Structures are given as structure tokens and as C-alpha cells.
Number of protein chains: 4
Amino acid sequence: MSSNLPKIAWVGLGIMGSPMAENLIKAGYSVTGFTLEQEKLDRLAANGGTAASSIAEAVADADVVITMVPADPHVKAVVLGDDGVIAHAKQGATIIDMSSITPQTSIAVAEAAAKADKGLKVLDAPVSGGEAGAVEAVLSIMVGGEQADFEAAKPILEALGKTIILCGPHGAGQTVKAANQLIVAVNIQACAEAVVFLEKSGVDLNAALEVLNGGLAGSTVLTRKKDNFKNRDFAPGFRIDLHHKDMGIVTDAARSVGAALPVGAVVAQLVASLRAQGDGGLDHSALLRAVERLSGDQVA
Amino acid sequence: MSSNLPKIAWVGLGIMGSPMAENLIKAGYSVTGFTLEQEKLDRLAANGGTAASSIAEAVADADVVITMVPADPHVKAVVLGDDGVIAHAKQGATIIDMSSITPQTSIAVAEAAAKADKGLKVLDAPVSGGEAGAVEAVLSIMVGGEQADFEAAKPILEALGKTIILCGPHGAGQTVKAANQLIVAVNIQACAEAVVFLEKSGVDLNAALEVLNGGLAGSTVLTRKKDNFKNRDFAPGFRIDLHHKDMGIVTDAARSVGAALPVGAVVAQLVASLRAQGDGGLDHSALLRAVERLSGDQVA
Amino acid sequence: MSSNLPKIAWVGLGIMGSPMAENLIKAGYSVTGFTLEQEKLDRLAANGGTAASSIAEAVADADVVITMVPADPHVKAVVLGDDGVIAHAKQGATIIDMSSITPQTSIAVAEAAAKADKGLKVLDAPVSGGEAGAVEAVLSIMVGGEQADFEAAKPILEALGKTIILCGPHGAGQTVKAANQLIVAVNIQACAEAVVFLEKSGVDLNAALEVLNGGLAGSTVLTRKKDNFKNRDFAPGFRIDLHHKDMGIVTDAARSVGAALPVGAVVAQLVASLRAQGDGGLDHSALLRAVERLSGDQVA
Amino acid sequence: MSSNLPKIAWVGLGIMGSPMAENLIKAGYSVTGFTLEQEKLDRLAANGGTAASSIAEAVADADVVITMVPADPHVKAVVLGDDGVIAHAKQGATIIDMSSITPQTSIAVAEAAAKADKGLKVLDAPVSGGEAGAVEAVLSIMVGGEQADFEAAKPILEALGKTIILCGPHGAGQTVKAANQLIVAVNIQACAEAVVFLEKSGVDLNAALEVLNGGLAGSTVLTRKKDNFKNRDFAPGFRIDLHHKDMGIVTDAARSVGAALPVGAVVAQLVASLRAQGDGGLDHSALLRAVERLSGDQVA
């Protein structure tokens with residue numbers, strides 16, 4: 001495909017990365033991907049992308065390199081490693097890391113890119129919206145970095161999400177993502193406590209949740225997770241294991257800037273507790289199970 | 001005014017009660033009001049209602065008696081007292097208590113009405129939406145009682161609110177209102193912790209709140225209270241003192257049914273703390289001040 | 001038995017009351033008892049006391065009336081009721097209520113006694129030390145009331161306990177007992193979290209608890225409950241159900257005086273949770289089970 | 001001084017390290033010390049020790065090297081660094097790290113020592129008891145490592161403390177120290193909440209604390225910190241800043257082994273909050289100030 005659009009390398013083709021890369025292809029971009037699972041590479045190729053056999057090969061010719069991997073250690077390996085993105089990216093490339101990691105690692109990526117001294121630009125751009133948001137290209141994207149680099153990258157991000165906002169310098173995207181995960185977990189916990197209280201009080205849960213969502217208690221969590229709560233359907237969605245990782249990020253980051261999280265800290269313990277109880281693979285709405293157990297309910 | 005509409009008595013003409021009674025008048029109802037402040041009675045009369053000089057006088061001729069008073073003791077006095085609504089209501093009248101009180105007291109009202117043996121019908125119908133919702137007649141109304149009584153009263157309630165839902169038997173309205181206040185307080189606390197964390201992290205707060213509200217972290221609290229947080233504007237709105245009362249209701253009610261509120265209990269302490277620190281007259285979004293103080297910020 | 005010692009009536013002969021009354025008999029006092037269980041009355045008679053068939057009969061001739069019943073409603077019935085202690089006590093008698101109840105009820109008892117206008121004196125004198133402390137007469141006794149009444153009653157209390165201290169006016173004994181229960185529950189919870197952490201970390205628990213108890217982490221809880229923790233032996237001792245009642249007293253009392261209990265409130269939820277999970281009949285050291293469950297351990 | 005006792009090198013002569021090293025000298029040991037402050041070296045020399053000008057010089061001839069430094073990074077530099085203890089210790093020496101650090105770092109020290117392949121033995125041996133315990137040689141010492149190495153080192157440790165216990169393998173001493181700090185912080189918080197509650201309730205605090213300490217609520221914290229609470233005397237003692245570091249260690253360690261700390265996590269937030277409010281230099285009994293502020297008291 002001949003085009004004036006920037007050439008894109010995509011590293012990390014998991015549940016989120018695969019549909020995001022495919023959305024770029026649909027938008028007309030040329031995408032060369034790399035990941036460790038051959039099956040995901042085959043899927044990318046079948047959908048119009050190009051499979052590379054190494055990071056070096058994937059990024060060699062790319063104007064923009066996008067990374068989407070699970071956690072800090074993966075970003076350190078994939079971006080900062082000897083055979084990683086910074087080592088092999090071409091002069092002047094833009095690196096957009098869309099993984100959810102600590103702000104400190106995003107800052108370290110920016111510093112390493114500057115040290116490489118080949119005009120690399122860096123943005124941290126974690127997302128909110130889950131697998132559905134990735135598939136439908138309606139993610140919220142929280143960006144940290146330079147204004148000019150953000151403007152240049154924005155058309156690409158617009159093929160992936162709906163709300164795309166520059167939040168501050170390097171790491172700011174991660175900070176806002178951390179705040180997002182804090183609010184989401186606490187809001188889920190609020191609903192979980194309310195649901196158990198309502199059911200034990202003999203109230204009609206359907207009616208109650210409808211009227212609650214219509215007032216000041218309304219939230220996106222209540223809208224999107226209502227059926228999970230009602231049906232005890234905890235197929236992910238967004239897994240407790242990942243939210244556990246994220247609660248670790250936000251409590252550490254808050255500690256380092258001196259922000260108190262009296263409630264966030266309790267919810268972090270409950271998320272950790274769910275994981276310890278073997279529910280790490282369930283959707284984060286499974287915080288309901290933590291409240292049920294604490295309330296003496298039998299939990300299937 | 002001659003009409004086929006039921007005649008209404010209204011007891012309690014405070015910040016919420018006055019505009020609600022006026023909305024009934026605008027909808028064509030004949031409203032006779034009683035409260036202890038002459039000024040509020042004058043206002044009612046000026047707006048087309050009739051001022052009564054006692055509960056007995058107000059309810060003597062009423063088909064429907066609506067009470068809207070601050071707390072349990074007021075309902076006990078006004079409805080259950082020797083000179084109260086049940087004592088003086090006419091045969092077959094409907095009593096709708098829209099105060100926010102404990103489910104137990106609502107059940108006690110229903111039982112006392114049954115004992116009076118004159119065909120009284122009772123609904124508990126607390127509201128959510130605040131002064132603005134009362135003025136604009138867009139309240140959420142959570143109702144407990146019999147289905148037939150609910151259906152009969154619904155046209156009246158539709159002149160006061162937008163979402164009007166029967167949630168279960170006597171007391172169920174109060175239970176859902178209690179759950180509402182639980183979720184609202186916890187969601188405010190979630191936002192407050194996020195705001196302090198974001199600011200201390202050097203992020204652009206406007207950008208951050210915009211992107212947060214667009215994703216799974218979005219909520220009615222974030223939409224309506226965003227400016228309170230950003231401008232530290234804590235003019236009520238809904239006062240901490242009242243939310244403190246409500247947190248007492250929900251923690252007691254949850255305790256009595258055996259529902260665990262591990263996070264609600266912490267937030268209840270923070271609301272109580274704000275009150276102890278002299279912030280009881282501020283809007284409940286002032287939970288931000290609690291987090292700021294805990295984080296070492298100077299609070300004006 | 002002829003003696004110059006005051007004649008004593010004892011109302012409430014449960015797990016605590018029976019051995020306490022017997023300790024008074026051993027100390028030479030004449031004790032007339034009343035309770036609802038014939039078996040307990042028989043036991044008292046067999047141990048040298050006199051069984052009465054009503055409160056009126058028990059207190060008719062008594063210089064000092066001691067009540068030891070489970071909770072507020074029982075004190076209200078037994079002391080304040082139409083056929084209760086105040087109604088039937090003789091002129092100038094002293095009423096010592098050793099039940100653990102709310103400070104408000106103790107104050108109400110004192111007020112009712114004053115109103116009776118027959119020179120009654122009142123002390124609230126709840127205890128700490130459990131069944132063992134009752135049997136061995138080594139209870140801690142926290143007293144509220146007048147200094148002179150305290151001095152007069154002290155010889156009697158010294159037959160029941162080891163540490164006997166006047167803490168303030170009517171209700172002060174209950175307030176200190178409430179504080180006692182707060183500290184005990186929180187200290188147990190501290191140990192429970194430490195035990196689970198130590199075991200999961202592969203540390204030798206015996207060695208660890210020994211060294212911990214020798215330093216600043218040492219406590220009476222750790223000394224007395226160490227074996228409960230190590231052996232998962234939760235035979236009461238002091239039941240969760242009763243500690244649940246007491247956490248309700250202290251959280252309500254703290255709320256009414258504006259004292260924050262950020263940690264006490266969380267522990268109150270955990271105690272309530274144990275009860276909801278069917279562990280209400282276990283010793284309060286069973287808070288370990290709450291932490292184990294939250295940590296994913298199978299709990300027998 | 002000629003002696004058969006092992007020769008000792010001491011690295012880190014702060015508030016704890018200086019009196020501890022002097023206790024070894026008093027016990028007849030030859031001690032060569034190193035630290036960065038000349039004044040502390042002069043003090044050691046004046047008390048019968050030998051001042052070295054580098055770690056290399058201090059440890060060159062030592063049979064036992066003891067390190068006592070503030071935190072993980074210092075241990076990593078001093079023990080693991082290129083010019084550190086492991087690099088320069090002689091064949092077969094024993095390294096006893098008495099710093100309070102993470103179990104992971106203690107394990108890393110043991111691994112690095114093994115890799116050095118010169119027969120080094122390693123113990124982690126953090127202490128509890130504070131400056132007074134160090135001066136009076138009554139510290140509690142929690143040891144991790146091999147049984148034989150522990151037995152060999154025990155006579156030295158007995159010159160420093162009173163309770164000296166092997167708790168498990170490398171890192172176990174740190175794990176127990178972390179548990180110690182968890183319990184201490186929670187027990188202080190329990191007392192702080194009780195003190196504020198008692199004072200606001202109008203109870204005689206002296207009487208109350210006496211009776212509380214005599215019963216199941218009694219603790220070493222209550223015994224040793226009673227006067228701090230009563231007099232609002234928060235001169236350290238053990239500083240909030242250090243306890244903040246330790247709460248970070250225990251919450252991280254508990255997270256890594258899957259142990260829930262629902263109450264420890266809240267107390268960690270309150271300790272962090274005190275620090276954010278400028279109270280980091282006060283004694284940890286200053287948790288009372290956190291509760292006072294939350295309860296609306298003016299705090300000097």
C-alpha cells in the first residue's frame with residue numbers, strides 16, 4: 001500500500017494490542033508487528049499487517065513505534081533492552097508506549113531516548129476502556145510528553161480512541177491512568193457494598209440500581225457493570241490480576257508524592273485479597289465477591 | 001381552584017420542601033402547607049398555596065399528606081405524635097413521607113397508620129437530586145410501599161421528579177436512599193483522592209478530569225462536582241452535616257442486616273471528621289479537604 | 001449468717017455473674033440472687049447464697065444491688081422496669097450495674113434513681129478480664145459515679161477484682177470499658193495480620209511471637225492469645241458476638257462525642273463480618289480467621 | 001588488647017550504632033569502626049575503639065563485620081558495593097547486618113556473599129527497642145540465617161540485647177522486624193483513638209489508662225508511651241519518618257506473599273499523612289496528632 005501516512009511498528013499483540021493494531025490497518029496505516037506468539041503474528045498478517053521476527057526488524061523502517069505490553073518489566077526489556085526499540089529505532093522516530101506502567105518507568109524511557117541522541121520522540125499513552133474499547137476504537141487515551149509530539153501523533157491515536165488528551169510532561173499519561181484505576185476500583189467497591197446491602201435488605205435490585213444510576217450515585221461503572229453485579233457474571237473484561245498490578249502502581253506513586261489514599265489503600269487490600277483467594281482471573285467487578293464473603297454469603 | 005385532582009397537605013417547607021410544594025401548585029394541585037417558620041408559610045401563600053396554622057388544620061381535608069422534614073425525630077413528632085398527621089388525617093388518606101430517615105422509622109410509620117384503622121395508605125419516598133433537582137422537578141424518587149398505593153400516587157410524584165421507582169415494601173425507599181448516599185460519599189472520596197494525587201504529581205487537572213470522566217472512571221459525581229473540586233468551591237449543595245446523618249443511617253442499617261461496608265465505614269469516619277473540624281456546613285464535595293489535610297496541604 | 005457486712009442482691013447469674021456472686025459469698029457476704037434460669041439459682045443456693053423468685057424479693061432487704069446482664073435492653077428491663085430494681089430497692093440502697101452497656105443507659109439509670117427520690121446511689125462498674133478473671137477475682141473494674149459512693153462500695157468490688165478505679169462521673173466506667181474493647185479488638189487484629197504475614201513468609205512462628213512479645217510489640221493480647229493464634233483454638237473466652245455488641249457501643253459513643261476512629265471502624269466491620277460468617281460464637285482471637293480468609297487461606 | 005575474642009568491624013555509627021559498638025568494647029571486644037561522620041569516629045576512638053578511614057580498612061582484619069545503616073540503599077552500597085564489605089572481608093568472616101531493611105535485600109546480601117566464594121557467613125539481625133534499648137543493651141534481636149552461624153555469633157549479640165532469637169532462614173529477621181513495626185504502629189493507633197475518645201468523653205485520662213493497662217488492653221506501647229500521650233510530648237524516640245519507611249517495607253512484603261493487611265494499610269496511610277503534615281521528625285506516638293486532627297482538635 002503506497003501512502004503518505006507514517007509507517008508504524010507495533011510491539012505487543014495481546015488482547016488489547018491486536019485489535020488496536022488492526023484498527024490502524026483499517027485506517028490505512030502500514031503496520032509491521034512483533035510479539036512472541038506466532039499465532040498473534042499470523043492474525044496480524046491475515047488482517048493486512050506484516051509480521052516481523054524481531055523488534056529490530058519491526059522497527060527498522062518505522063516512523064512511529066507503538067508498544068503495548070503487560071507491565072514495567074516488559075517495557076524495560078522491550079524498549080530499553082540491548083535489542084530493544086530505542087537501540088534499533090531509526091533517526092527521528094516517535095515511540096508511543098501505550099502500556100500501563102509506573103510514571104517513573106515512562107520517565108526513564110524518555111530519558112533513555114534522549115540519551116540515544118538520534119532525535120527520538122517519546123510519548124506515554126496508556127488507555128482506558130478495555131477490550132471492547134480497543135475493538136471499537138473508542139478508548140480514552142491519556143498522554144504524557146511534549147505538545148508538538150502529541151500533535152504530530154494525534155491522528156494515529158484518533159484511529160484508536162475517542163477521547164485523546166495531553167495531560168502533562170513525560171509520565172503524566174501514566175499518572176492519569178493510575179488515577180483512573182484508583183477511581184474505577186473505588187467506584188466498583190462502592191457499588192459492591194451497595195448491592196450486598198440492598199439484597200440483604202430485601203429490596204428489588206433491578207429497581208434500585210435503575211433509580212440509583214439516575215441520580216448522583218450514577219456512574220459509568222454502574223452502567224457497564226450492572227449486569228455483572230446482577231448475574232454474578234465475572235467473565236473478564238478487565239482482570240483482577242491486572243487491577244492488582246495497577247493498585248500497586250497508584251499506591252506507590254501516591255506515596256512518593258505524599259498524597260493520602262485512605263480509601264484507595266483499603267480497596268487495594270481487597271483487590272489483593274481477591275487475588276489471594278483465587279479470583280485473579282475474574283473481572284474486577286468481582287469485588288462484589290469480596291463484599292459477599294465478608295457479609296457471610298456463600299460464593300460459588 | 002376547582003379540580004378533580006387530589007387535595008394535598010404539605011408539612012415541612014425547607015430548602016427542599018418549598019420548591020417541591022410549589023411544583024405541585026404549578027401542576028394544578030391545591031396545596032395547604034404547614035411549617036414552623038412563618039416566612040416559609042408566607043412564601044407558599046404568595047405562590048398560590050394555603051397556609052395552615054397547625055398540622056391538624058393542614059391535613060383535615062387532604063387526600064394526600066406529604067411530609068418533608070430533616071430527620072427521624074421530626075418524622076416521629078410530625079407523623080406519629082399526638083397532634084400529628086396520623087392522628088388528624090382523614091379516612092382513607094395517603095401519607096407520603098419524602099424525608100430521608102431510617103427504614104425502621106418508615107416501617108414504624110406504616111404500622112402506626114395501620115393501627116389507626118381508618119384506611120390510611122403510606123409510602124416512603126425519599127429523593128435524590130438536591131435543591132437544584134427539587135427546583136427543576138427532576139428528582140430521583142425511591143419509593144417503598146404497596147404497588148397500588150404507588151400507582152395511585154405516581155402522578156403527584158411525577159410533578160416532583162423524573163425517575164420514580166417502586167423499590168419494595170415499606171422502608172425500601174429509605175433503604176435505596178441509604179445505598180444512594182453510600183455510593184455518593186464513596187464516589188466523592190474516590191475523586192478527592194484522585195484530585196490530590198493528580199495535583200501533587202504535577203498533572204494538568206483540567207485535562208485529567210476530562211479524560212477520566214470520558215472513561216470507566218466517569219460518574220455523575222465527577223460531572224457535577226468537577227468545578228467544586230477544581231475551584232475549592234464548597235458552597236452547598238448538600239451539606240456534610242446531612243451526609244453525616246445519612247452515613248449513620250446506612251452504617252446502622254447495614255449492620256442490622258449483616259452487610260459489610262469495609263470502605264463505607266472508613267468514608268463515614270472521614271465525613272464525621274470533616275464535621276468535627278467545623279466543615280459541617282460545606283458541600284459534601286468538601287471531602288477533598290479531608291484528603292488535602294491528610295496529605296499535608298494547607299486548607300483555607 | 002450474722003455479719004456487719006452489707007447485704008447484697010445479685011441480679012444476673014450468667015458466665016460472669018455466677019462466679020462473681022460466689023466470690024462475694026466466699027468473702028463473707030450474704031448474697032440473695034435472681035435470674036431467669038432455675039439451674040443457676042440452684043447453683044447459687046448450693047454455694048451458700050439465697051435464691052429469690054423475683055427481683056422484688058431479691059432486692060427487698062438489700063443494702064447493695066448488683067446487676068450483671070448482657071446488654072442495654074436487659075438493664076432497661078431489670079433496673080428501670082416497672083417491676084425492676086429501682087422500683088423495689090429499699091431506701092438508701094446502692095445499685096452497682098456491672099453490665100457492659102452504653103454510657104447513655106448508665107446515665108439514664110442514675111437519673112431514674114435520682115427521680116425515685118429514696119436516696120438511691122448508683123455506680124456503673126463494667127469489668128474486663130473475662131470468665132477467668134471473674135473466677136479468680138482478678139477483674140479490672142472501671143467505675144463511674146460519685147467519689148463517696150465509690151469509696152463505700154470499694155470493699156465489695158475488691159472481692160471481685162484486682163484493679164478497681166474510679167474514672168469519672170456516671171457513665172465513665174462504661175466509656176472506659178468501651179475504650180478497652182476498642183483497644184483489645186485493634187490489638188488482636190494487629191496480631192492476626194502479623195501472624196498471617198509471618199506464616200506466609202516462612203518464618204518460625206513460635207520464635208517470632210516470642211521475640212515480638214519481648215519488645216515494643218508486646219501486649220497482654222499477645223501473651224494471653226498466643227496459643228489461640230498458634231493452635232487455631234477459638235473456644236471462647238470472649239465471644240465475637242459480644243465484641244460485636246461492644247464495637248457498636250464504642251463506634252456510636254465516639255460518633256456522639258466527635259472522636260474519629262478510622263481504624264476502629266474498620267475493625268468493627270471485620271468483627272461484624274466474622275459474625276455474618278457464622279463465627280459469632282468463637283473467641284475474639286478468631287479475627288485471625290478474617291485475615292486468613294482475606295489472604296486466601298482455607299479456614300476449617 | 002590481647003584476647004581470644006573475635007575481632008569486630010562496625011560500619012554505621014548513628015544513634016543506634018554508636019552505643020551498640022561501645023557495648024561491644026565494654027564487653028571486651030576489639031572494635032574497628034567506619035562511618036562518614038568524623039565526629040562519630042572520634043567518639044568511638046575516645047571510647048576505646050579504633051577509627052578506620054574506609055570500609056576496606058575497617059574490615060580487613062575482622063572476624064565479624066557488623067553493619068547498622070538507615071535503609072536498603074545504604075546496605076546495598078555498604079555491603080554489596082564495589083568497595084564494600086563483601087569485596088573486602090577476609091576469608092571466612094561473618095557479616096551481621098543489623099539494619100532494618102527489606103527481606104529481599106537481606107536475601108540478596110546472602111546470595112552475594114555466597115557468590116564471593118570465600119566462605120563468608122551472613123546473618124540478618126535487625127533490632128527492636130530504640131535508642132534506650134541500644135544504650136542499655138536490652139535490644140530484642142531477630143535473626144535470620146543458618147543455625148550454626150547464629151550459635152557462633154550469639155555471644156556477640158548477647159552483648160547488645162536481651163532477647164536474641166533465630167527466626168528462620170536469610171531474611172527471616174527482617175520479616176519479623178517488619179511484623180514488629182506493623183504491630184507497634186497499629187497498637188499505637190489503637191491507643192491514640194482511645195485517648196481522643198476518652199478525653200472527648202470527659203473521663204479522667206490518668207485513671208482510665210491505668211485501668212486499661214491492667215487488663216486485656218494492656219501493652220508495652222501503653223506502658224512506655226503513656227506519658228507521651230498524656231503530655232503530648234513527641235520528642236523522639238523512634239521517628240515517624242523511620243516508621244514510614246518500615247510501613248512501606250511491611251506492606252510491600254505482605255503484598256508479595258499474599259497476606260492481607262486491611263488495618264495495617266490504613267495505619268500506613270496515617271503514618272504517611274503525619275509525615276506529609278510535617279511531623280516526620282516526631283516520635284511515632286504522634287499518631288495521636290493524626291487522630292486529634294481528624295477529630296477537630298487544634299494541634300499545636
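A, B, ... follow the sequence lines: proteins, then strands. Residue 1 opens every chain. These numbers come from a predicted model, not from an experiment.
The local environment of CG in C:Leu205 is crowded, with over 12 non-hydrogen atoms from other residues, nucleotides or ligands closer than 6.0 Å. Counting non-hydrogen atoms of neighbouring residues, nucleotides and ligands closer than 6.0 angstrom, the CD1 atom of A:Ile15 reaches no more than 12 such neighbours. Atom CG of A:Asn231 has more than 12 neighbouring heavy atoms from other residues, nucleotides or ligands inside a 6.0 Å radius.
Your options are A:Arg275, A:Gln269, A:Gln277, and the one with the most heavy-atom pairs under 4.5 Å with chain C is A:Gln277.
Interface remark: C:Arg293 contributes backbone atoms only to the contact with chain A (heavy atom separation under 4.5 Å).
In terms of heavy-atom proximity, A:Ala276 sits nearest to C:Ser295 at CB-O, 3.4 Å.
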